[in-house]
Amino acid sequence: MVDVFNLAPAIALFPLFAFVIALFLGSRMPKGGALAGIAATGGSLVLSLWMVAELAGGNGPYQEELYTFIGGVEGEGVTLSFGLLIDPLSALMLVIVSLISFLVHVFSLGYMNDESETGLPRYYAGLGLFTFSMLAFVYSDNLLMAFMFFELVGLCSYLLIGFWFRERAPASAAKKAFLVTRFGDYFFLIGVVAIFATFGTTAFAGDESFVTAAEAVLDGEGEMNTFLGLGNQAWITVLGLLVLGGVIGKSAQFPLHTWLPDAMEGPTPVSALIHAATMVAAGVYLVARIYGFYALSPTALGIIALIGGFTAFVAATMALVKQELKQVLAYSTISQYGYMMLALGGGGYVAGVFHLTTHAVFKALLFLGAGSVIIAMHHNENMWDMGGLKSRMPVTYWTFLAGSLALAGIFPFAGFWSKDEVLYETLIHGLGDSPLLLVGFAFGLLAVVLTALYTIRMVLLTFHGDPRTDVAEDPEPVRWNVKFPLVVLGVLAVVAGALNLGTIKEVIGEENLFLHEWLDGATLSGDLGEEGALSVHHYEEVLEVHAGYGAAEFPALANGAIALVLALVGVAAAWYLYRGAEPAPHMEKLGGVRQVLVHNYYQDEYQVWLATGLTYPIARVANMFDQGVIDGLVDAVGTASVVAGERFRKIQTGVVTNYAALLALGLVLLILVFGLAGGWF
């Protein structure tokens with residue numbers, strides 16, 4: 001009988017093979033090697049589902065060391081290795097990544113149909129490498145390995161965002177994404193090194209993991225090396241915040257969110273992959289992966305929650321005034337990942353993973369639906385040039401509507417259940433012992449109204465009313481390879497909330513529904529066996545002991561009702577403002593406020609000033625000091641040495657009698673000096 005866990009490496013290797021095939025043989029294959037990519041991601045999806053089935057059957061978690069590139073002797077010394085960890089958390093994420101990537105490959109058959117034969121192999125090679133990088137990142141069993149693939153994910157995003165590199169905008173957007181995320185990853189790298197220096201390991205799981213070691217230290221059962229004179233608790237907070245730098249960059253959280261809207265310059269299927277299952281999801285997944293470590297630091301959790309809640313609100317305000325379809329979705333992504341960060345920082349580990357799951361489905365659906373509209377509109381993305389597409393594109397409309405209602409948090413679509421769980425967990429922990437979480441909760445509530453408003457505005461401007469251009473009057477038809485992924489994701493956007501119906505727990509009398517029970521076996525630290533794993537129940541105890549996140553009593557149904565009412569307020573406002581055959585641009589009435597939102601709170605301008613107006617002058621002064629003072633001193637010493645050498649070189653005549661005379665003269669001088677000093681004369 002085949003041990004399915006032995007096949008786990010193939011989950012990532014399949015897309016890697018597709019990358020090699022498309023890169024070297026794609027020009028000789030139909031569609032540039034697209035079929036190889038579809039087969040590879042399909043194989044990864046099948047294996048991922050098989051892993052889920054094995055874990056559901058009571059087998060696993062499973063850990064395997066694949067390669068040791070620095071190994072200690074007889075268990076002593078530094079050990080650095082590549083390994084994989086398959087547990088409920090990683091298995092769930094493997095299914096998400098492989099499913100979305102498979103559907104993106106299929107969708108690309110229709111979207112990239114007009115691309116040149118030379119460009120297609122490069123495109124499908126990039127998708128294959130991107131998928132491989134994310135899958136390998138997901139089942140990495142240590143932080144160093146995760147960092148390496150975290151960086152490879154960033155490289156792939158650079159290549160795909162700048163796919164049309166001969167045009168100025170895509171090339172600029174790719175560089176911006178690469179540089180902004182590298183800034184965050186710089187802190188991540190320091191965090192990896194610091195964790196290794198502190199605990200001697202970067203392993204996620206097992207008795208020797210850094211998560212287990214940190215918890216033992218705080219429980220008074222061990223010691224760790226701290227730096228800068230900080231105590232144990234403070235040093236764990238510093239380590240968590242350093243890793244958080246990479247998370248903020250990758251998951252486009254304030255203030256490192258500015259790269260994501262520009263990334264829309266890449267092909268739309270790439271946007272779907274980046275926003276739903278790879279690049280942006282990587283940061284939030286990393287926090288979930290090492291959540292046992294973050295649960296030890298109330299300060300780190302509070303900062304995560306505050307950043308998440310603030311980002312959710314601010315990004316939603318910017319989405320209100322965008323005119324391009326993909327730009328609305330881009331700011332929506334920033335906002336929704338803010339909700340996930342709010343959940344994780346607010347003590348809602350399951351809620352954060354739940355929203356990560358549902359968001360992957362409905363955001364991939366919305367981006368692919370936007371891609372279908374863009375095909376029909378001959379690549380015009382301005383919503384004010386659309387209208388009336390509902391009757392002309394029924395499959396796209398109904399599936400896009402399902403994704404939009406899920407995003408807006410309308411009952412019973414998937415987003416309602418997960419967003420409600422996020423707000424509920426944040427509220428009950430905030431009412432317990434952490435008032436800071438209540439600030440994040442307030443931002444989250446405000447974002448609920450705004451999300452529903454900009455989402456329904458997007459639907460009405462795109463699909464309802466009269467066609468506002470000739471292209472909208474007679475749009476380009478789309479084929480089955482565009483419609484098939486939309487239908488699959490549309491169904492999931494309706495039913496995916498069944499994974500964890502948190503709001504009706506009180507009604508049905510269940511304390512832990514499916515996703516809670518599934519993640520209860522997630523190996524966040526400790527042994528790989530069921531008893532030693534850091535389960536959902538265990539991390540809740542850790543939160544109460546170390547982070548002081550006591551949970552207060554609050555009716556779950558009341559919280560769900562509040563969230564739903566606020567969402568319906570946003571829907572009603574959008575309907576009132578943008579209904580009818582000829583909707584008016586009401587946001588222009590905001591005047592100066594609209595200008596601030598259009599310019600994204602001038603974050604780009606501020607960052608450019610920070611680089612050119614502040615950092616560059618400081619660098620010039622430092623360079624002048626380096627060249628004028630440091631180099632001047634070094635050059636002066638060198639010059640003195642050269643001059644002295646030139647003078648003393650003249651002593652070297654090559655005549656033996658001269659050398660003898662100099663020796664005699666030197667001896668006489670020494671006798672005189674010592675004689676005078678000793679009183680001999």
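For reference, positions follow the sequence shown, starting with 1.
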Please check if the side chain of Ser108 supplies one atom and the backbone of Tyr111 the other of a donor-acceptor pair under 3.5 Å. no
Can you find a heavy atom in the side chain of Leu256 that is under 4.5 Å from one in the side chain of Thr181? no
Would you name the heavy atoms of Gly128 and His105 that are closest together and state the gap between them? N-NE2, 4.5 Å
Minimum heavy-atom separation for Ala272 to Ala364, with atom names? CB-O, 4.3 Å
Ser335 (side chain) donor-acceptor with Ala312 (main chain) under 3.5 angstrom: yes
Sequence-distant partners of Ala414, side-chain contact (heavy atoms from CB on, under 4.5 Å), two or more places apart: Thr358, Ala496
I'd like to know if the side chain of Thr41 and the backbone of Ile38 have a donor-acceptor N/O pair within less than 3.5 Å. yes
Which residues satisfy the side-chain contact (heavy atoms from CB on, under 4.5 Å) test with Phe147, sequence neighbours excluded? Glu151, Phe188, Leu189, Val192
Has Trp518 got a side-chain atom pairing as donor or acceptor with Pro88's backbone, closer than 3.5 angstrom? yes
Applying side-chain hydrogen bond (donor to acceptor under 3.5 Å, both in side chains), can you list everything that pairs with Asp141, at least two apart in sequence or on another chain? Gln63
Let me confirm one number: the CG-CG distance from Leu103 to Asn481, rounded to the nearest 0.5 Å. 12.0 Å
Which residue in the set Leu94, Leu45, Leu84 passes side chain to side chain contact (heavy atoms under 4.5 Å, CB included) when paired with Ile11? Leu94
side-chain hydrogen bond (donor to acceptor under 3.5 Å, both in side chains) involving Glu65 - partner list, sequence neighbours excluded: Thr68
Which residues pass the salt bridge (Lys or Arg N to Asp or Glu O under 4.0 Å) test with Lys250, not counting sequence neighbours? Asp185
Whether Tyr285 side chain and Val138 backbone form a donor-acceptor pair below 3.5 Å: yes
Any chance the side chains of His355 and Glu421 put a donor and an acceptor closer than 3.5 Å? no
Within the side chain of Thr131, is there an N or O that forms a donor-acceptor pair under 3.5 Å with the backbone of Ser101? no
From OG1 (Thr202) to CG (Leu144), nearest 0.5 Å: 5.5 Å
Does Tyr294 reach the side chain of Leu344, with side-chain heavy atoms less than 4.5 Å apart? no
Just wondering, do Ile274 and Ile161 contact through their side chains at under 4.5 Å, heavy atoms? yes
Could you work out, with side-chain hydrogen bond (donor to acceptor under 3.5 Å, both in side chains) as the rule, every residue matching Thr198, not counting sequence neighbours? Trp235
To the nearest 0.5 Å, what is the distance between OH (Tyr291) and CG (Leu296)? 10.5 Å
Working note: Phe132 + Phe149, criterion ring pair (Phe, Tyr, Trp, His ring centres under 6.0 Å); need CA distance, chi angles, decisive distance, verdict. CA-CA 9 Å; Phe132 157 74; Phe149 286 107; 5.7 Å; yes
For the residue pair Leu368 and Val482, establish whether any side-chain heavy-atom pair is separated by less than 4.5 Å. no
Just so I know, are the side chains of Leu273 and Val270 near enough to count as touching, which here means a heavy-atom distance under 4.5 Å? no
Quick one: closest heavy-atom pair of Gly346 and Tyr549, and the distance? C-CE2, 3.9 Å
Apply side-chain hydrogen bond (donor to acceptor under 3.5 Å, both in side chains) to Thr426 and list each qualifying residue two or more places apart in sequence or on a separate chain. none
Residue list, ring pair (Phe, Tyr, Trp, His ring centres under 6.0 Å) with Tyr337, at least two apart or on another chain: His359
Run the ring pair (Phe, Tyr, Trp, His ring centres under 6.0 Å) test against Phe367 and tell me which residues pass, sequence neighbours left out. His275
Contact between Phe210 and Ile290 at the side-chain level, heavy atoms closer than 4.5 Å - yes or no? yes
What is the minimum heavy-atom distance between Phe413 and Ala402, and which atoms define it? CD2-O, 3.8 Å
Are any of the side-chain heavy atoms of Met341 and Thr311 separated by less than 4.5 Å? no
Can you name the nearest heavy-atom pair linking Leu135 to Ser98, along with the distance? CD2-N, 4.4 Å
Mind checking what makes side-chain contact (heavy atoms from CB on, under 4.5 Å) contact with Thr357, not counting sequence neighbours? Leu92, Ile96, Val353, Leu499
Is a side-chain N or O of Ser90 found less than 3.5 angstrom from the main chain of Leu85, in a donor-acceptor match? yes
Checking the side chain of Ser251 only, and the main-chain atoms of Gln253 only, is there a donor and an acceptor separated by less than 3.5 Å? no
Could you check whether any side-chain N or O of Tyr339 sits under 3.5 Å from a backbone N or O of Gly444, counting only pairs where one atom can act as donor and the other as acceptor? yes
Take a 6.0 Å sphere around CZ of Phe5 and say whether it holds more than 12 heavy atoms from other residues, nucleotides or ligands. yes
Sorted by first residue and then second, give each side chain to side chain donor-acceptor pair (under 3.5 Å) pair with at least one member in residues 485-499; sequence neighbours left out. none
Which atom of Ile236 lies closest to which atom of Ala214, heavy atoms considered: CD1-CB, 3.9 Å
Are Pro269 and Phe107 side-chain neighbours, meaning at least one heavy-atom pair lies under 4.5 Å? yes
Determine, stepwise, if the pair Phe178 / Trp259 fulfils ring pair (Phe, Tyr, Trp, His ring centres under 6.0 Å). CA-CA 8 Å; Phe178 189 80; Trp259 67 270; over 10 Å; no
Any donor-acceptor pair under 3.5 Å from Asn142 side chain to Ser81 backbone: yes
Under the rule for side-chain contact (heavy atoms from CB on, under 4.5 Å), what residues qualify as partners of Ala22, not counting sequence neighbours? Tyr124, Ala125
